[in-house]
Amino acid sequence: REYQGTLSVTRNGKTCQAWNTDTPHEPNYSSENPSNYPDLSLDAASNYCRNPDNEPGGPWCYTTDPNIRYEYCHVPLCRKRMVHTCQAHL
């Protein structure tokens, strides 16, 4: 299941860049396709951690740091019964 939460910082504490912008980083092709997001919209995906290209490392985001293109986010796995209550944390 794809991550649909609102975590918007990376494992190293970098703020995520909004998916609908190309500043400071130009997105790759997969990142520009709204159907690759659980939100089905770049606007709705905001700057939340997502995995539009199915990276094996899990959810990630472009960062707002011009020197760091992207980083992975720390999103813990939830047990099936806990999906509604499991919270992402740094």
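Along the sequence shown, residues carry numbers from 1.
Annotation: the span from D53 atom CG to N33 atom CG amounts to 11.0 Å, rounded to 0.5 Å. Taking CD of E26 as the reference point, atom OG of S31 lies at 10.0 Å (rounded to 0.5 Å). To the nearest 0.5 Å, the span separating CD on Q17 from CG on N47 amounts to 9.5 Å. Rounding to the nearest 0.5 Å gives a distance of 14.5 Å between OG of S8 and NZ of K14. Interatomic distance, OG of S41 versus CG of N20, reported as 8.0 Å (0.5 Å rounding).
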Open item on the list: Let's go through T63 and T15 carefully: what are the C-alpha distance in whole Å and the side-chain angles of both, what is the deciding distance for side-chain contact (heavy atoms from CB on, under 4.5 Å) to 0.1 Å, and is it a yes or a no?
Closed with: CA-CA 6 Å; T63 77; T15 300; over 6 Å; no
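Under the 3.5 Å distance criterion, with hydrogens and angles disregarded, no donor-acceptor pair is assigned to the side chains of W19 and D43.
Under the 2.5 Å SG-SG cutoff, C73 and C61 do not qualify as a close cysteine pair.
Hydrophobic cluster membership is shared by Y37 and Y70, with clusters built from Ile, Leu, Val, Met, Phe, Trp and Tyr side chains linked at under 4.5 angstrom. Linking Ile, Leu, Val, Met, Phe, Trp and Tyr whenever their side-chain heavy atoms come within less than 4.5 Å puts L42 and W60 in one cluster. In the hydrophobic clustering of ILVMFWY residues, with side-chain heavy atoms under 4.5 Å counting as a link, Y62 and Y3 come out apart.
Across C16 and C49, no two heavy atoms sit closer than the pair SG-SG, 3.9 Å. P27 and R69 make their closest contact through C-NH2, 4.1 Å (heavy atoms, listed as atom of the first residue, atom of the second, distance). When all heavy atoms are compared, the tightest approach of G57 to R11 is O-NH2, 4.0 Å.
Counting heavy atoms from C-beta on, the side chains of R50 and D39 come closer than 4.5 Å.
For H74 (side chain) and N12 (main-chain N/O), no donor-acceptor pair under 3.5 Å exists by modelled atom type. The closest donor-acceptor contact from the side chain of H25 to the backbone of I68 lies under 3.5 Å.
Checked against S30 for a side-chain contact (heavy atoms from CB on, under 4.5 Å), the options N54, N36, N51 give a single hit: N36.
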